[in-house]
Amino acid sequence: MCRCRGYCTKIAATFSTMVYAVVNYLSTTVNTKLYMHYLPANPFKPQLNYPYYCCTFEPEQFEQDDFATFNINMPLKLQNAVPKRKAEYLAGRLCARFALEKMAITGFTVTSAEDRSPVWPATVIGSISHTQGIALAMTAPAKDLKGLGIDIEKHMQQEQENKLKGQILHPLEAEIYLKLGEFTPCPLTVIFSAKESIFKALYPSVGRFFGFEAAQLMYFDSNKLHFMITEPLSPTIPQGMLVEVFYQLTEDLVLTECAFSG
């Protein structure tokens, strides 16, 4: 029988209270950092029916120890990057982690291959995008798709679109670019974003860089763009193949999505 006259119980209770306070503080600190720095957001409802996660973030709030806080390794290639680039990378990887959790895949951190493409679990196809304080990731079962591409962009100003359209448009897209401009305030942003999504979706099957001229917008409707591949990219992606890209706009953002089933 204990002869401490209840002191053991009091000490144990005090110790338990202290432990709970420390654990609660650490948990609160991490969650506070998460929700201060990387806020869950839903500016869009993606049209592809796959798990996704979106967040907003303030690059100026980035702290170097955010990587350790969220247990994500910073690539060596980012060692000398500006804080904005590091914040974007971390936001994208956080979105990827949460999108994977919706597929019941936990504890997996998406890293980067030598070509900078995301490295997903073997059973998953995914895509990440970020721009000016917002990030989005989408995942899908690898058995369903050969590639998945998403892209999120801020609307370009008219002056910027005029300056860049020669680099982004296929020579035969001038007419449909003007037509798309009758329905959207930023037609070049939409086409640029769509071609980025196409590149991401087809890259796993192509395995090399290809330019904007490899896809030509042929026609569109209220939520979908239809492109034709203008050059042979791989045995499964011949010249003349049609590729569909979903698109939608908010007041200041464009989201495009492309799924390639092969």
Side-chain angles (χ1 to χ4, degrees), residues 38 50-55 57 59 62 64-101 103 105-132 134-153 167-168 192-215 229 231-237 243 245 256-262:
Y38 306 96
Y50 294 116
Y52 71 95
Y53 189 90
C54 182
C55 78
F57 59 98
F62 172 80
Q64 187 61 43
D65 63 358
D66 284 351
F67 279 95
T69 298
F70 300 115
N71 195 28
I72 291 177
N73 293 326
M74 185 183 73
L76 290 176
K77 292 180 179 179
L78 287 184
Q79 289 284 0
N80 298 319
V82 297
K84 176 179 178 292
R85 176 70 188 99
K86 294 177 180 178
E88 290 172 342
Y89 180 92
L90 181 57
R93 265 49 189 183
L94 283 172
C95 288
R97 174 182 291 174
F98 293 134
L100 286 171
E101 287 181 358
M103 297 179 69
I105 298 174
T106 59
F108 188 93
T109 297
V110 176
T111 56
S112 298
E114 281 299 312
D115 60 5
R116 297 173 57 189
S117 62
V119 178
W120 300 93
T123 58
V124 173
I125 288 288
S127 186
I128 300 171
S129 184
H130 48 70
T131 184
Q132 300 183 40
I134 187 166
L136 178 71
M138 182 179 288
T139 55
K143 63 181 177 60
D144 291 355
L145 299 174
K146 296 293 185 184
L148 177 65
I150 60 168
D151 188 70
I152 188 169
E153 300 288 341
Q167 302 173 38
I168 295 169
F192 169 77
S193 180
K195 291 187 177 185
E196 287 288 295
S197 288
I198 290 172
F199 179 85
K200 293 177 183 179
L202 301 187
Y203 183 80
S205 298
V206 177
R208 61 175 175 82
F209 174 82
F210 55 92
F212 294 120
E213 70 283 353
I229 300 302
E231 59 189 68
L233 295 177
S234 78
T236 58
I237 307 171
V243 178
V245 181
T256 58
E257 312 159 53
C258 180
F260 177 56
S261 57

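Index from 1, following the sequence.
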About how many Å separate [atom2] of [Y] and [atom1] of [X], when rounded to the nearest 0.5 Å?
X	Y	atom1	atom2	answer
S127	I152	OG	CD1	11.5 Å
H130	E153	NE2	CD	10.5 Å
L136	I150	CG	CD1	4.0 Å
C95	L90	SG	CG	9.5 Å

Atom of [X], atom of [Y] and distance for their closest heavy-atom approach:
X	Y	result
A81	K86	O-CE, 3.4 Å
E88	Q132	OE2-N, 4.3 Å
F70	R97	O-NH1, 2.7 Å
Q64	M74	NE2-SD, 3.4 Å
S205	T236	CB-OG1, 4.2 Å
T109	N71	OG1-O, 3.7 Å

Would the number of heavy atoms belonging to other residues, nucleotides or ligands and lying under 6.0 Å from CG of D115 be above 12? yes

Sidechain N-carboxylate O distance under 4.0 Å for E196, K200: no

Is any side-chain heavy atom of [Y] closer than 4.5 Å to one of [X]?
X	Y	value
V243	F260	no
R208	L233	yes
C55	F98	no
P75	T111	no
Y38	D66	yes
W120	I125	no
M103	P141	yes
T139	P51	yes

Would you check if there is a donor-acceptor pair between the side chains of D144 and Y50 at a distance under 3.5 Å? no

For Y89 and F67, run side chain to side chain contact (heavy atoms under 4.5 Å, CB included): C-alpha distance rounded to whole Å, both residues' side-chain angles, the deciding distance at 0.1 Å, then the answer. CA-CA 10 Å; Y89 180 92; F67 279 95; 3.9 Å; yes

Take C258 and I198 through the side chain to side chain contact (heavy atoms under 4.5 Å, CB included) test and state the conclusion after the steps. CA-CA 6 Å; C258 180; I198 290 172; 4.3 Å; yes

Before giving the answer on side chain to side chain contact (heavy atoms under 4.5 Å, CB included), spell out for F108 and V124 the whole-Å C-alpha distance, their side-chain angles and the decisive distance to 0.1 Å. CA-CA 11 Å; F108 188 93; V124 173; over 6 Å; no

Check whether S117 reaches the backbone of A113 with its side chain - one donor and one acceptor, N or O, closer than 3.5 Å. no

Quick one: does S197's side chain have a donor or acceptor within less than 3.5 Å of a partner on T256's backbone? yes

Candidate pair E257 and S129, rule side chain to side chain contact (heavy atoms under 4.5 Å, CB included), full reasoning: CA-CA 11 Å; E257 312 159 53; S129 184; over 6 Å; no

Are the aromatic rings of F212 and F192 close, with centres under 6.0 Å apart? yes

